[in-house]
Amino acid sequence: GFWTQLKSYHAERLPMGCGTAGGRQLQEVGLVGHHAYSILDVKEWLLPPSFPRRGRGVGNMSGFGDDGVARLLKIRNPHGRGEWTGDWSDASALWEQALGESLGTGAQDGCFWMSYDDFLMAFAVVDICLAFPGLHARSFCTAFPAKLDPVRTTKLFEVALPAGDAPAEVFLMAIQGTKRGASSGRSDRKKSYKPCDVGFLVLDAAEEGGDDYKRVGGALLGFTKSGHHRVVLSGRRRRILAVPVSFGHPAAPEKDLPFVVRVVASRPVRVAEAPPRRVRLHAAMQSFCINTLGSHVLLDGALPSGRRYRVLLCEKMGATAFVQLMVAAGAEAEAVPPFTVTARVRGMLFRTATGFVPHETLAKGQKFEAAWRGYTAGFQGETASRLLAVLVRSGQDWELGGVGASPAPAAQPGPPSGPEPAGVFARLRRNVVPDAAWLAAGGAAP
């Protein structure tokens, strides 16, 4: 549970912070709304049988129940003043009843204790800085792809575990530029920064020194200035390829659109840069979409030979969604009947192999809200599986309203529309995901 995690983080000596929600009720108990605090200590005490437990924050909110254990956190207001005045505060009588003495300082120094139950009610967020003692780290400069580049990455990173049996916990971090420092005279940061979507594909290498891979995982970090993905290297999983990917387009003052990839590890690891051509990214994307994200069926059909095909929506939490065409294996090169993909979204872009698709404004948003947009893209002459389109968040306010696919009305099969798709949108000669896996996809998309 969460309490166990907090104890573990504290035992690892990781810096922890927390933030309150809003509400006037917080002021009545000495707290400040929408304010950041530090977590200094996490403790448990066995309460004496005479302790008046009921209603004293020993499990009512957290779910522990009346188990006779006081779960307390020591919190600090960074302003050095303003403290919690409820149970287990400096002036609380519960200290004498529980321990015979108070652990409170008695001074207005911004430090105070409070129960875990009260903490859950007062604080809305907890931040953990994964700065484990003895970490090893190295930063690499990389860049977002050009706006129309179909490859959607510019550099790969090979991370390998040296000889030895000890595992390594590895954090792959993506860090984007900000305007921080502009008010202090940093002229290079006065221009507007708009973060972009970013994520990591993690490819498990099949053999030492080879370029093939046997598994694809990773995470989409979303529209964030900094984020990370955790990987553990040990045993047979000793070498991975980390692929930073992005499907939107940032607004940055530098023409080369830079950002930083930082590799942080619990023990020394080898890290080497490699060009994107090192792997078949279109095949890796198919595996990631079907196996990692999961999928919903948008369109289901059969070719004259009996081979099945499907248009799938692959997404998790909606911030980035992929439209994937899957065609069952077969010797014949049969074209899928023409079809159309439509999307109704707010604050999202629609990318295909040729770039961003123009939108139609369906409804204007309220103040500070993005307008509803409609996207339509037609496809014909498709003979093999490939990634068709990506819906990606482009602003602070966004919503994936609905995505659909339907046969093109009164259309006849014809040659492929547009140039041969490339990069992550390229056609696959052979599916990397077995037919049985994608044919078992879930129901209709939202």
Side-chain angles (χ1 to χ4, degrees), residues 136-145 149-164 166-175 196-222 226-247 258-293 314 316 320 322 324 386-387 390 422-426 428-433:
H136 303 264
R138 184 178 174 186
S139 296
F140 300 85
C141 292
T142 185
F144 288 101
D149 187 350
V151 178
R152 307 318 306 159
T153 189
T154 59
K155 193 179 294 185
L156 315 183
F157 299 90
E158 180 181 8
V159 184
L161 191 63
E169 190 173 23
V170 178
F171 296 91
L172 305 171
M173 303 180 64
I175 306 170
C196 192
D197 74 292
V198 68
F200 286 100
L201 299 184
V202 176
L203 287 57
D204 285 23
E207 60 183 27
E208 187 67 28
D211 292 342
D212 292 333
Y213 51 89
K214 56 186 177 181
R215 186 175 63 177
V216 179
L220 302 173
L221 305 179
S226 64
H228 73 270
H229 176 62
R230 175 179 174 270
V231 179
V232 176
L233 298 181
S234 64
R236 295 182 178 180
R237 193 188 195 193
R238 305 185 65 84
R239 189 170 69 94
I240 60 171
L241 289 176
V243 187
V245 293
S246 176
F247 299 93
F259 71 99
V260 171
V261 168
R262 181 172 297 161
V263 180
V264 182
S266 59
R267 56 167 296 200
V269 295
R270 295 195 305 267
V271 183
E273 301 178 38
R277 64 177 181 274
R278 175 81 174 267
V279 296
R280 298 183 303 137
L281 285 177
H282 58 311
M285 281 303 309
Q286 183 188 87
S287 178
F288 178 77
C289 287
I290 305 298
N291 295 329
T292 302
L293 297 182
C314 306
K316 184 178 290 185
T320 306
F322 302 86
Q324 183 85 37
R386 76 175 183 93
L387 179 64
V390 184
V424 295
F425 299 96
L428 278 83
R429 296 180 180 179
R430 179 174 57 87
N431 289 334
V432 296
V433 177

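Only heavy atoms go into these numbers, but all of them, side chains included; no hydrogens, no water, no symmetry mates.
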Nearest 0.5 angstrom please: [X] [atom1] to [Y] [atom2], how far?
{"X": "Ile290", "Y": "Cys314", "atom1": "CD1", "atom2": "SG", "answer": "4.0 Å"}
{"X": "His228", "Y": "Phe200", "atom1": "NE2", "atom2": "CZ", "answer": "10.5 Å"}
{"X": "Leu281", "Y": "Leu201", "atom1": "CG", "atom2": "CG", "answer": "7.0 Å"}
{"X": "Arg430", "Y": "Gln286", "atom1": "CZ", "atom2": "CD", "answer": "10.0 Å"}
{"X": "Glu158", "Y": "Leu203", "atom1": "CD", "atom2": "CG", "answer": "11.5 Å"}

Using a cut-off of 6.0 Å, state whether more than 12 heavy atoms not belonging to Arg237 lie near its atom CZ.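 Counting neighbours around CZ of Arg237, more than 12 heavy atoms of other residues, nucleotides or ligands fall under 6.0 Å, so yes.
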
Are [X] and [Y] packed together at the side-chain level, in the sense that at least one heavy-atom pair is separated by less than 4.5 angstrom?
{"X": "His282", "Y": "Leu428", "value": "yes"}
{"X": "Arg270", "Y": "Pro162", "value": "yes"}
{"X": "Glu273", "Y": "Phe157", "value": "yes"}
{"X": "Phe259", "Y": "Pro244", "value": "yes"}
{"X": "Lys316", "Y": "Leu293", "value": "yes"}
{"X": "Phe322", "Y": "Val424", "value": "no"}
{"X": "Val261", "Y": "Leu172", "value": "no"}
{"X": "Asp197", "Y": "Leu220", "value": "no"}

Compare every heavy atom of [Y] with every heavy atom of [X], then report the nearest pair and how far apart it is.
{"X": "His229", "Y": "Ala219", "value": "ND1-CB, 3.5 Å"}
{"X": "Val170", "Y": "Ala265", "value": "CG2-CB, 4.1 Å"}
{"X": "Leu161", "Y": "Ala168", "value": "CD1-CB, 3.5 Å"}
{"X": "Ile240", "Y": "Leu233", "value": "CG2-CD2, 3.8 Å"}
{"X": "Ala422", "Y": "Pro150", "value": "O-CB, 3.5 Å"}
{"X": "Val216", "Y": "Ala284", "value": "CG1-O, 3.6 Å"}

Checking the side chain of [X] only, and the main-chain atoms of [Y] only, is there a donor and an acceptor separated by less than 3.5 Å?
{"X": "Arg152", "Y": "Ser246", "value": "yes"}
{"X": "Gln324", "Y": "Arg386", "value": "yes"}
{"X": "Lys155", "Y": "Cys141", "value": "yes"}

